[in-house]
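A short worksheet on the structure shown next.
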Amino acid sequence: MSSGNDDFEQRIKSDLRKIVADTSPELRARISAMASAAAREARRPASRFRVLVPLGGVAALAVIVVAAQMLRSPPGVIEKAPPISADDVALLLNVDNLDLLEQMEFYLWLDREPGVLDDAGVSAPEAPRRT
Amino acid sequence: MLRHVDGNTKTWHFLRAVESSRELESFLRSVGPRAFRIARLALRDDQDALDALQEAMIKLVSRYGSRSPEEWTPLFYAILRNCVRDQQRGRQSRGSILAWFIRLTNLGEREPGEPSVVDAVRPPLQELESEERLRKVLNAIADLPARQQEAFLLRNIEELDVRDTAIAMGCSEGSVKTHYSRAVHALREKLGDV
């Protein structure tokens, strides 16, 4: 930067200092009062209120969501769950044993057709044990 | 710096908080008048500038009061910048209604040669010549684009270095240098040899 620019900047800087120094006493007093008020915040211990307000908000939101769910479905009416397919079970259990998976499919079919067991005159088989 | 000597943690924390709050208060008192001038130039209104300053002080204490004092200055000016922006946005929405009203009633027509808003700044010195020069400087700075004005004032009023100015402005050091150099060039063209 050239010395001409430096002189110019120095002059402006000095002007700005004068402007700041010339801040009226009333204004300085207001700024000091603001500084004291802000600093008092640092002295204040962390209020429980600050933690409780967001927690209260979350709790209220949860209550609203639950209430909305209850209002949507009339009491006593439980939505019927969709039938479980063997694929879903396989996905859930991540079973590699194909024999076990086939048996599961068979028992699920048997469960859906209760009349088959009665016709055959046999009692329900025990659930296969996982090894 | 206080030391934890008596084993009473609560007392130590209390004393630390008191000491920290004293340091913060002293910092805010010293930075306040300079910060007010910077906010005043951007907002061109005493009350708006004081509001922005108060908000920035409270935010610094509540969010960054636990940081080391060396970090306070750039952080404070970064917060003040946002507070000034908020004030400007608020004023814009208020102003659009007011402007509509002024247009409707033809109250806002300014005569040629009528002083601008910055002219309403309290005369800084008794000497008329010097007073006139300072007013010219203030008007020229107030007319700079916002980023150039920020860079110029942070470097010259607060005397921040390039690194801290970049933190306060939320930009790179290269951008600070560019904004600053453009500001000096524009002021030199406008003011000549003041």
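Owing to the predicted nature of the structure, the values given are computational and were not obtained by experimental measurement. Protein chains get the first letters and strands the later ones, always in sequence-line order, with residue 1 at the start of each. As a basis for the values below, the full set of heavy atoms in this structure was taken, side chains included, without hydrogen atoms, waters or symmetry mates.
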When you compare the side chain of B:R133 with that of B:K136, does any pair of heavy atoms fall below 4.5 Å?
no

Electrostatic pair B:K177:B:E173 at N-O distance under 4.0 angstrom:
no

Please determine, among B:S66, B:P33, B:S26, the option with the most heavy-atom pairs under 4.5 Å with chain A.
B:P33

Under a 4.5 Å heavy-atom cut-off, does chain A meet the side chain of B:F152, its backbone, both or neither?
side chain

Residue part contacting chain A, namely of B:L153, when any heavy atom lies under 4.5 Å:
side chain

Indicate whether any N or O donor in one side chain lies under 3.5 Å from an N or O acceptor in the other, for B:Y64 and B:E71.
no

Answer yes when B:R147 and B:E150 have at least one side-chain N-carboxylate O distance shorter than 4.0 Å, and no when they do not.
yes

Flag the one option from B:R155, B:K59, B:E159 with the top tally of heavy-atom pairs under 4.5 Å to chain A.
B:E159

